[in-house]
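When a ligand or atom number is given, it counts from 1 through the structure's own listing order. The figures here come from the full heavy-atom set of this structure, side chains too, leaving out hydrogens, waters and symmetry mates.
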Amino acid sequence: MLTVGLDVGGTKVLGVAIDPRDPGTIVAEHRVPTPDGGAGLVDVLVGLAGALGASPQAVGVGIPGLVDRSGTLHMGPHLRQLRDVPLAQLLTDRLGVPATVDNDANCHAVGEQAAGAAAGADESLVVSFGTGIGAGIVTGGRILRGAHGFAGEPGHMVVDPNGPPCPCGKRGCWERLASGTGLARLARDAAVAGRLDAVVARAGGDPEAVSGEHVTASARAGDKEAQAVLDALARWIALGLANLTNVLDPEVIVIGGGLVDAADLLLPEVRTQFATLVLGGEKRPVVPIVPAVLGEHAGAIGAALLPEGTGSAA
Ligand SMILES: [Zn+2]
């Protein structure tokens, strides 16, 4: 038996076929560009499912945005043309097999729990730090979906009411401070303030041009000022993880997304700060904070497992 998982990203849709009994083995894989604004997405997904040549028994889709329990996408930040689209129903009708749709971060968590860094954990938290923050919460072995399907959006927890504005309309959301966007801001602020000479040199001498990549490259070369910026980022990451742990008490926290490339520079300080910020840090079991292992495949593998029962079948 095979199922197909389709992970809709900002630039590409990655499709895989797997046997759900062996989720770590990808039977077929294919990718296509994400259509601009999401126009014609259903046609693209149907074509991609066909290109995998798998004759699947079911199809799962992970998509960035608010997906309700019926598999309707209410809105996605990068899919402007899709509003209140009953994706699961449309795909079921077109494909002739049951289609299930869930938020992409939930799919990442399902994938890491089934075959990745959270394997074997019934209580886990998978947080992806990219331009923003996506998260999936697994509790009792299943994704926590909430009353309407919108649970697991900690990126918009306010952690600094006087912090930078967020596109969501609030200020100081966690994802403004602890993501790749947050790293770029911390780096520019430090550079403009006259610190980070070596990092500014990497950016061609322009403090305004400093990026997160310049900081991590410089820190990896031993620059203490660059490492200090990463330590400041680590504190913001740890603050949100500690808040979530106080609520959810996970067995393991898995860190994914683009920042995972700098895990060796970030995670030691994240763990140190986490231990001081979480309630009763020295009195409770250590919560491992570990990098994701499935990389870009996590979301598609998780999507392929949605029909197993964690998502929203039409
Ligand atoms: Zn926000």
(message) Using the ring centroid of each side chain, check whether Phe129 and Trp174 are separated by less than 6.0 Å.
(response)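 Yes.
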(request) Could you pull out the N/O/S protein atoms under 2.8 Å of the Zn ion (ligand 1), ignoring any water? (result)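 You should have found His156 ND1, Cys166 SG, Cys168 SG, Cys173 SG.
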(message) Measuring only between side-chain heavy atoms, which start at C-beta, is Leu125 closer than 4.5 Å to Val254?
(response)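 No; the side chains remain at least 4.5 Å from each other.
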(request) Using a 4.5 Å cut-off on heavy atoms from C-beta on, say whether the side chain of Leu41 contacts that of Gln81. (result)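 The answer is no, as the side chains (C-beta and beyond) never meet within the 4.5 Å cut-off.
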(request) Check step by step if side chain to side chain contact (heavy atoms under 4.5 Å, CB included) holds for Arg171 and Cys166. (result) CA-CA 6 Å; Arg171 302 189 77 94; Cys166 181; over 6 Å; no
(message) Running the 4.5 Å side-chain criterion over Ile, Leu, Val, Met, Phe, Trp and Tyr, what cluster does Leu279 land in, apart from itself?
(response)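 Hydrophobic cluster check, Leu279: no partners found.
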(message) Determine whether a donor-acceptor pair (N or O, by modelled atom type, separation under 3.5 Å) exists between the side chain of Thr92 and the backbone of Ala99.
(response)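 Yes: the side chain of Thr92 pairs with the backbone of Ala99.
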